[in-house]
Amino acid sequence: LFILTAMPVRAVDDLYQKAADLDQQGFFEDAVLAWKKALASNLEKNKRVSAQIKLSQGLYKLNQFDQALAQAQELVKSEPENFHANFNLGNLLSGLGRYAEAVASYEKTIQLRPDEGLAYAGLALSHFGNGQIPSAVTKLEEAKKIFQEKKNISWHRDAHLMLQQIKMYDDAKYPPSFSSLWLKNNIKLVRETYEKNIPH
């Protein structure tokens with residue numbers, strides 16, 4: 001919970017930009033403090049959503065997982081129909097291995113934006129983590145189709161490769177450690193792709 005402090009618009013924008021710059025440069029400890037300061041000011045709604053998402057992600061990168069999740073959950077509670085709030089929560093939950101909860105968050109993102117391929121990819125990976133292989137395959141096929149329609153060549157290729165790998169791991173030819181590492185790396189790929197596209 002942030003106690004808002006009324007400030008001139010320019011000063012508020014400067015706080016936000018400082019936090020964004022620190023975050024982009026990888027100074028996550030400083031960025032977290034700056035995001036908290038920005039959130040305590042009278043940010044306009046869209047920037048407030050972005051700032052709280054970036055705060056939760058910064059905390060996650062600092063291995064402060066409980067705080068990261070609390071920020072993400074608080075944002076969804078205040079903005080339940082916001083795509084970005086729900087996507088961020090789904091991604092943090094999947095990164096923490098809480099796959100069933102991540103599935104629910106990603107399903108909400110798809111309700112909000114049924115043409116967002118990355119949401120289907122996140123949902124597919126969460127299904128895989130939850131042991132629901134057929135659902136994972138179905139959602140990845142949907143993601144692949146969306147990426148093709150949107151001419152997103154790199155993610156179309158990634159989705160195609162994920163499909164092949166999921167089927168390979170489902171054959172039980174590899175130990176669980178292989179699929180666990182694969183899942184962790186692909187969840188990270190979804191998160192990093194999303195982070196590049198958070199609105200400012």
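Count residues from 1 along the sequence.
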Just verifying a value: how many Å separate Ile198 CD1 and Ser50 OG, rounded to the nearest 0.5 Å? 7.0 Å
When rounded to the nearest 0.5 angstrom, what is the spacing between OG in Ser105 and CG in Leu89? 3.5 Å
Going by the rule ring-ring contact (aromatic ring centres under 6.0 Å, His included), which residues pair with [X] if we only count those two or more places apart in sequence or in a different chain?
| X | answer |
| --- | --- |
| Phe28 | none |
| Phe27 | none |
| His156 | none |

So, using side-chain contact (heavy atoms from CB on, under 4.5 Å) as the criterion, who are the partners of [X] when residues are at least two apart?
| X | value |
| --- | --- |
| Ala19 | Ala34, Trp35 |
| Asn197 | Thr193 |
| Ala119 | Phe83, Phe87, Thr109, Ile110, Glu116 |
| Val49 | Ile53, Leu75, Glu79, Asn82 |

Salt bridge (charged side-chain N to carboxylate O under 4.0 Å, His left out): which pairs involve [range], sequence neighbours left out?
| range | answer |
| --- | --- |
| residues 180-193 | Lys188-Glu192 |
| residues 89-103 | Arg98-Glu101 |
| residues 22-33 | Asp23-Lys54 |

Under the salt bridge (Lys or Arg N to Asp or Glu O under 4.0 Å) test, which residues partner Lys150, sequence neighbours left out? Asp115
Sub-3.5 Å donor-acceptor pair from the side chain of Tyr120 to the main-chain atoms of Pro114, do we have one? yes
Show me the donor-acceptor pairs, under 3.5 Å and distance only, between side chains in residues 140-147 and residues at least two apart or in other chains.
{"from": "Glu142", "atom 1": "OE2", "to": "Lys139", "atom 2": "NZ", "distance (Å)": "3.3"}
{"from": "Lys144", "atom 1": "NZ", "to": "His160", "atom 2": "ND1", "distance (Å)": "2.9"}

Is the number of heavy atoms from other residues, nucleotides or ligands under 6.0 Å of Gln25 CD greater than 12? yes
With clusters defined by side-chain heavy atoms of hydrophobic residues (ILVMFWY) lying less than 4.5 Å apart, directly or transitively, does Leu123 cluster with Trp182? yes
